[in-house]
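Notes to accompany the following structure.
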Amino acid sequence: MLFPSLTTQPSCEGIPPLTSPLSTSTHIIDIDTLTFGNDFASLPPAHYTRLQPTPLPSPYLVAVSPHAAALIGIDAAALQSQAAIDLFTGNDIPDDAQPLSAVYSGHQFGVWAGQLGDGRAILLGDVPAAENPAASGDNNINVPHRMELQLKGAGLTPYSRMGDGRAVLRSSIREFLCSEAMAALGIPTTRALCITGSDQMVLRERPETAAVVTRMAPTFVRFGSFEHWFYNQKHDELKTLADYVLARFYPALQQAENPYKALLTEVTIRTARLMAHWQAVGFMHGVMNTDNMSILGLTLDYGPFGFMEAFDPHHICNHTDQQGRYSYARQPQIGEWNCFALGQALLPLIGTVEDVQAALRIYKPAFAEHFMDLMRAKLGLQTAHNDDAALFDHMFNIMQDSHVDFTRFFRKLGELKMTAPGEADSVRDLFLDRTAFDEWALQYAARLQAEASDDAARKLAMDAVNPKYVLRNYLAQTAIEKAEQKDFTEVARLLAVLEKPFDEQPENDHYADLPPDWANDLEVSCSS
Ligand code: AMP
Ligand code: MG
């Protein structure tokens with residue numbers, strides 16, 4: 001079994017449709033009128049350090065996400081101004097912003113790493129969210145009233161340790177594109193507003209240029225933020241942080257008999273559902289350390305991520321992860337492990353080990369239920385059936401044996417005709433072992449017939465959940481190489497394609513192509 005302990009469960013809600021950006025007429029067109037608060041700064045000073053970003057020389061705009069801008073009521077055109085470029089590079093900070101970097105700790109690759117913190121991210125503050133934050137794709141998130149704006153790569157902080165406080169253009173483009181691609185796929189995620197760049201050189205494996213990516217989320221509090229206070233035995237600060245998170249982001253849970261247990265339960269459910277989303281779209285995060293796990297259940301900290309291509313459940317997208325701790329197949333278990341780390345940290349507030357364990361017990365069923373729902377939707381199945389787990393396992397096995405491209409398989413599967421599942425020029429052609437496909441397809445077709453499925457209606461439904469376009473590494477790499485030559489057009493073009501991942505977009509067909517041979521040599525590591 002590739003996915004241990006899968007059980008069939010009753011279905012729950014699916015992915016809501018994405019709304020388009022608000023009408024530009026209501027949007028801020030002059031960035032100077034953006035007003036900042038900083039709710040996080042209302043926490044005691046031990047939780048952060050106030051500081052100013054370090055300016056970068058002669059910054060320029062690299063990319064803007066109009067959808068992300070709409071979430072905070074900004075017109076994308078306003079981000080073209082020099083004032084906006086200076087603001088989002090950290091070169092010119094408005095008086096009402098009180099920039100700070102937050103402290104946190106965490107487990108890295110399963111080992112307690114001690115204090116980490118925002119080593120290169122500086123929180124500018126928060127701004128009012130526009131009316132329809134559902135466009136963020138956060139289908140399981142309370143409607144946020146404010147969005148925090150954070151500059152990643154804005155210079156040294158007290159938490160920089162051995163780092164230089166900078167982010168390179170390459171990794172900034174990857175984070176920017178993937179944040180927005182995930183949102184468009186309906187997967188909870190932090191957002192990316194824009195990237196600014198500078199010719200200042202930064203040394204990684206090779207010299208690269210610096211950039212700043214402006215990220216947005218209701219909060220960037222992580223599991224590691226709680227672990228920090230637990231391991232420092234500062235239970236007052238632990239409680240202050242938990243109360244802050246409850247009041248702002250989970251107000252309904254404050255009424256629970258044990259609000260901290262309710263918080264752990266809710267975060268465990270969101271994390272389990274997030275893992276189900278990742279597995280269902282073939283997304284691999286690459287560095288699922290507890291300092292990269294959002295307390296809101298958002299995908300957070302895009303580094304050496306990847307989307308599954310030739311299916312291999314043991315695929316490791318992060319070249320630095322030699323043990324494969326964060327391989328595709330392990331993500332659901334690691335998500336649970338991380339919830340245990342959070343549970344440990346919340347133990348002094350929750351009270352008893354039994355209560356912590358009771359909260360964590362929801363993880364497996366929450367994952368299984370959501371994963372099964374998502375898989376049924378991907379296969380166009382309208383009803384749940386006892387044999388579904390076996391059908392999916394069989395499918396993953398033959399995909400693995402034939403190294404079938406994950407995204408293309410599900411998209412093409414929508415074209416399958418129930419009465420002729422093995423016909424040529426179809427999904428069958430993706431398989432090296434066509435007999436194996438035929439065997440599976442017969443079971444699948446029988447299952448479809450049993451629920452009186454309609455080919456045309458099913459294709460429509462499947463196309464709405466199986467993306468045609470995902471951020472393949474080679475697509476990101478092509479945009480990065482052009483951007484490093486100061487041609488930013490490909491970043492914008494790719495963003496536009498990824499904003500509509502389920503649309504056919506015939507003019508952009510080539511963005512759905514399989515990776516070219518040169519992409520075999522692409523290695524993505526923690527270096528960013
Ligand atoms: P990450 O692997 O990106 O989640 O980062 C882990 C920790 O290292 C966090 O505390 C980051 O802020 C810090 N970090 C990563 N890169 C840098 C850098 N270039 N300068 C300072 N701190 C960094
Ligand atoms: Mg991180």
Side-chain angles (χ1 to χ4, degrees), residues 47-49 51 53-54 56 90 99-123 148 150-176 178-179 189-190 192 195 197-198 200-215 217 219-228 231 271 274 284-296 298-306 316-322 325-326 334-335 338 341-342 524-528:
H47 292 254
Y48 53 82
T49 301
L51 78 176
T54 308
L56 279 169
L100 61 82
S101 290
V103 70
Y104 53 82
S105 295
H107 280 87
Q108 298 189 316
F109 291 90
V111 177
W112 177 244
Q115 181 176 307
L116 303 164
D118 291 330
R120 52 177 168 171
I122 298 182
L123 179 67
E148 291 188 348
Q150 193 196 57
L151 307 182
K152 183 167 176 178
L156 288 171
T157 82
Y159 317 112
S160 298
R161 297 178 296 147
M162 308 299 283
D164 56 10
R166 292 299 179 194
V168 296
L169 181 64
R170 164 179 54 86
S171 61
S172 303
I173 290 174
R174 284 174 51 86
E175 171 142 25
F176 171 85
C178 202
S179 307
T189 178
T190 62
I195 311 174
S198 165
Q200 180 160 309
M201 298 310 282
V202 173
L203 194 61
R204 294 293 180 264
E205 276 93 1
R206 61 181 172 95
E208 300 184 54
T209 58
V212 176
V213 55
T214 299
R215 305 196 295 187
T219 180
F220 289 90
V221 169
R222 301 131 195 276
F223 289 13
S225 312
F226 292 89
E227 290 181 285
H228 180 74
Y231 284 91
T271 304
L274 182 67
M284 296 163 284
H285 182 283
V287 201
M288 291 175 63
N289 295 334
T290 56
D291 52 301
N292 291 338
M293 299 296 293
S294 154
I295 202 66
L296 298 183
L298 308 173
T299 311
L300 169 66
D301 276 9
Y302 291 88
F305 64 82
I316 306 162
C317 65
N318 176 1
H319 189 63
T320 318
D321 178 15
Q322 279 157 6
R325 178 179 171 86
Y326 300 139
I334 294 292
N338 288 339
L342 179 65
V524 189
S525 71
C526 279
S527 161
S528 61

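Index from 1, following the sequence. Both counts, for ligands and for their atoms, begin at 1 and track the order of listing.
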Less than 4.0 Å is my threshold; does some heavy atom of [X] fall inside it relative to ligand 1?
X      : value
Gly165 : yes
Met162 : no
Cys526 : no
Lys152 : no

I'd like to know if the side chain of [X] pairs up with that of [Y] as donor and acceptor (distance under 3.5 Å, no hydrogens or angles considered).
X      : Y      : result
Glu227 : Thr290 : yes
Thr209 : Arg166 : no
His319 : Ser525 : no

- Message: Using 0.5 Å steps for rounding, measure from the CD atom of Glu175 to the CG atom of Asp301.
- Response: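 Taking CD in Glu175 and CG in Asp301, the distance rounds to 6.5 Å.
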- Message: Determine whether the aromatic ring centres of residues Tyr326 and Phe109 are separated by less than 6.0 angstrom.
- Response: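 That pair passes the under 6.0 Å test.
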- Does the protein place any heavy atom closer than 4.0 Å to atom 5 (O) of ligand 1?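 When distances to the protein are checked, atom 5 (O) of ligand 1 has no heavy atom within 4.0 Å.
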- Proximal protein heteroatoms (N, O or S) of the Mg ion (ligand 2), under 2.8 Å: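 The answer is Asn292 OD1, Asp301 OD2.
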- For ligand 1, the portion of Tyr104 having any non-hydrogen atom under 4.0 Å away: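 Contact part for Tyr104 vs ligand 1: side chain (C-beta onward).
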- Query: Any idea which part of Asp164 is under 4.0 Å from ligand 1, heavy-atom wise: side chain, backbone, both or neither?
  - Reply: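 Under 4.0 Å from ligand 1, Asp164 contributes backbone and side-chain atoms.
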Which ligand 1 atoms does [X] reach within 4.0 Å, using its non-hydrogen atoms?
X      : result
Arg161 : 7 (C), 8 (O), 10 (O), 13 (C)
Asp301 : 4 (O)
Asn292 : 4 (O)

- Message: Are Arg222 and Met293 packed together at the side-chain level, in the sense that at least one heavy-atom pair is separated by less than 4.5 angstrom?
- Response: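 They are not in contact (no side-chain heavy atoms under 4.5 Å apart), so the answer is no.
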- Message: Is the shortest side-chain heavy-atom distance between Arg174 and Tyr302 below 4.5 Å?
- Response: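 A side-chain contact is absent here, since even the closest heavy-atom pair is not under 4.5 Å.
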- Query: What residue and atom, counting heavy atoms only, is the protein's closest point to atom 15 (C) of ligand 1, and at what distance?
  - Reply: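 Its nearest protein heavy-atom neighbour is Arg120 NE, 3.6 Å.
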- Please say whether Leu116 places an N or O atom under 3.5 Å from an N or O atom belonging to ligand 1.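 No; the residue has no nitrogen or oxygen that sits under 3.5 Å from a nitrogen or oxygen of the ligand.
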- Under the side-chain contact (heavy atoms from CB on, under 4.5 Å) test, which residues partner Ser101, sequence neighbours left out?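 Listed in chain order: Leu51, Asp118, Ile122, Thr157, Tyr159.
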